[in-house]
Amino acid sequence: MAPWGYEKDNGPAHWHKDCPIANGKNQSPIDLINGEVKYDSGLKPLTAKYVPFSDAKFLNNGHSVQFQPSAGNGSELTGGPLAVKYNFEQFHFHWGNNDTEGSEHRVDGKMYPAELHFVHWNSTNPSFKDAVGSGGPNGLAVLGFFLKVGAENAALKPITDLIPKVKDAGTSVTVPSNFDMQAILPATLTDYYTYDGSLTTPPLAECVKWIVFKQPLEVSAAQMEAFRSVINRDGKPMGGNYRPPCPLHDRAVKTSFK
Ligand SMILES: CCN[C@H]1CN(CCOC)S(=O)(=O)c2sc(S(N)(=O)=O)cc21
Ligand SMILES: [Zn+2]
């Protein structure tokens with residue numbers, strides 16, 4: 001099979017050939033249907049402590065644009081549905097070619113123009129790769145934020161300003177050390193959906209505790225256009241790098257809000 005992607009000949013409908021788990025019962029993303037979620041008063045806010053990075057890269061890996069600090073950067077996530085501390089690994093984006101599509105998760109069938117994923121791994125594992133392969137839904141914790149078009153996002157501006165430098169697949173740049181990742185997050189990480197799921201790209205491992213925030217972040221139209229200028233390995237616009245929703249099967253989606 002051609003390397004996986006999001007085109008007709010290598011997109012989500014083909015992924016099961018190399019990754020049979022694509023047809024598993026704990027796949028992501030899903031459509032978050034408000035009439036079917038269940039409030040859980042035991043779900044407390046999350047705490048993310050992101051420390052400044054000395055040598056982080058911003059890269060185009062052919063499937064997304066990704067912020068990646070060197071291993072062991074000391075940033076961590078606790079609380080919410082998580083029983084232990086998770087280490088920050090990377091963040092990346094999914095987006096569409098117009099404002100009516102782009103997010104991976106949906107809310108009552110509605111797609112947002114983009115979705116931002118903060119990937120963390122369970123610190124009881126010796127490494128990130130062990131966490132991905134650890135089996136069960138507690139290997140990774142991914143925070144999902146919907147992006148909608150509105151005011152310029154000043155916290156994301158240092159990142160969106162770097163996009164023209166990683167327009168082509170396989171390129172990367174060093175991120176200025178004064179980049180403040182914490183500033184991207186809302187002050188309180190409260191209202192969210194959470195469920196057990198998978199990576200939304202190959203290898204599609206069912207190792208993810210998903211935490212998707214109800215409140216979208218805003219980015220400007222110019223920031224959205226920056227994403228839409230990114231090119232994939234086939235030299236085509238990367239926009240459309242989102243997997244459609246997967247069946248929920250017998251999973252429950254819990255909310256921290258009523
Ligand atoms: C393009 C490749 N994307 C994946 C790379 N990794 C997994 C395997 O690595 C050894 S990962 O854990 O960094 C994640 S998280 C993630 S999503 N969209 O579900 O948040 C996809 C991937
Ligand atoms: Zn993602």
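Note that the structure is predicted; figures quoted are calculated from it, not measured. Read the numbers this way: they start at 1 and go in the same order the structure lists the ligands and their atoms.
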Mind checking whether Val212 and Leu217 sit in one hydrophobic cluster, side chains of I, L, V, M, F, W, Y counted as touching below 4.5 Å?
-> no
Looking only at heavy atoms, is any part of Leu199 under 4.0 Å from ligand 1, and if so is it the side chain, the backbone, or both, or is it neither?
-> both
Val119 heavy atoms, cut-off 4.0 Å: which ligand 1 atoms fall inside?
-> 15 (S)
Describe, in one word, how the ring planes of Tyr192 and Phe213 are oriented to each other, choosing from parallel (under 30°), tilted (30 to 60°) and perpendicular (over 60°).
-> perpendicular
Min N/O separation His63 to ligand 1 under 3.5 Å = no
Parallel, tilted or perpendicular, as decided by the 30° and 60° cut-offs, for the rings of Phe93 and Phe227 | tilted
Mind checking whether Trp210 has an N or O less than 3.5 Å away from an N or O of ligand 1?
-> no
Return yes or no for this condition: an N or O of Gln90 is under 3.5 Å from an N or O of ligand 1.
-> yes
Interatomic spacing from CG in Asp108 to CG in Leu32 - rounded to 0.5 Å | 8.5 Å
Counting from 1 in the order shown, the ligand 1 atoms closer than 4.0 Å to a non-hydrogen atom of Lys129 are 10 (C)
What atoms of ligand 1 come within less than 4.0 Å of a heavy atom belonging to Val142?
-> 20 (O)
Of all N, O or S atoms in His117, the one closest to the Zn ion (ligand 2) is ND1
Contact atoms of ligand 1, heavy-atom distance to Leu140 under 4.0 Å | 12 (O)
Same cluster or not: are Val219 and Phe145 linked, directly or through other Ile, Leu, Val, Met, Phe, Trp or Tyr residues, by side-chain heavy atoms under 4.5 angstrom apart?
-> yes
State plainly whether one hydrophobic cluster holds both Val119 and Leu199, where clusters connect Ile, Leu, Val, Met, Phe, Trp and Tyr through side-chain heavy atoms under 4.5 angstrom apart.
-> yes
At under 4.0 Å between heavy atoms, which part of Val208 makes contact with ligand 1: side chain, backbone, both or neither?
-> neither
Using a heavy-atom cut-off of under 4.0 Å, does the side chain or the backbone of Glu89 touch ligand 1, or both, or neither?
-> neither
Checking distances from the Zn ion (ligand 2), one finds that the N, O or S atom of His92 closest to it is NE2
Please identify which atoms of ligand 1 are closer than 4.0 Å to at least one heavy atom of His94.
-> 18 (N)
For ligand 1, indicate whether the residue Thr201 contacts it via side chain, backbone, both or neither (heavy-atom separation under 4.0 Å).
-> side chain
Would you please determine whether Trp121 falls within less than 4.0 Å of ligand 1 on a heavy-atom basis?
-> no
For the residue pair Phe88 and Phe91, categorise the inter-ring angle as parallel (less than 30°), tilted (30 to 60°) or perpendicular (more than 60°).
-> tilted
What heavy-atom pair brings Ser256 and Asp191 nearest, and what distance separates the two atoms?
-> OG-CA, 3.3 Å
Does Trp4, backbone or side chain, put an N or O under 3.5 Å from an N or O of ligand 1?
-> no
Around atom 8 (C) of ligand 1, find the nearest protein heavy atom and jot down its residue, atom name and distance.
-> Pro203 CD, 4.0 Å
Run the contact test for Gln66 against ligand 1 with a 4.0 Å cut-off on heavy atoms, strictly below, and give the result.
-> no
For atom 18 (N) of ligand 1, grab the closest protein heavy atom and report residue, atom and distance to one decimal in Å.
-> Thr200 OG1, 2.8 Å
Cluster overlap Trp121 with Leu204, hydrophobic side-chain contacts below 4.5 Å = no
Is the closest protein non-hydrogen atom to atom 1 (C) of ligand 1 under 4.0 Å?
-> yes
Any link between Phe179 and Phe118 through a network of hydrophobic side chains (Ile, Leu, Val, Met, Phe, Trp, Tyr) touching at under 4.5 Å?
-> yes
Write down the atom of Glu101, the atom of Asn97, and the distance for their closest heavy-atom approach.
-> OE2-N, 3.0 Å
Nitrogen or oxygen atoms of His92 and ligand 1 under 3.5 Å apart | yes
One finds that the ligand 1 atoms under 4.0 Å from a non-hydrogen atom of Phe128 are 9 (O), 11 (S), 12 (O), 13 (O)
Is the backbone N or O of Ser198 less than 3.5 Å from a side-chain atom of Gln27, with the two atoms forming a donor-acceptor pair by type?
-> no
Under-4.0 Å salt bridge between Lys25 and Asp196 = no
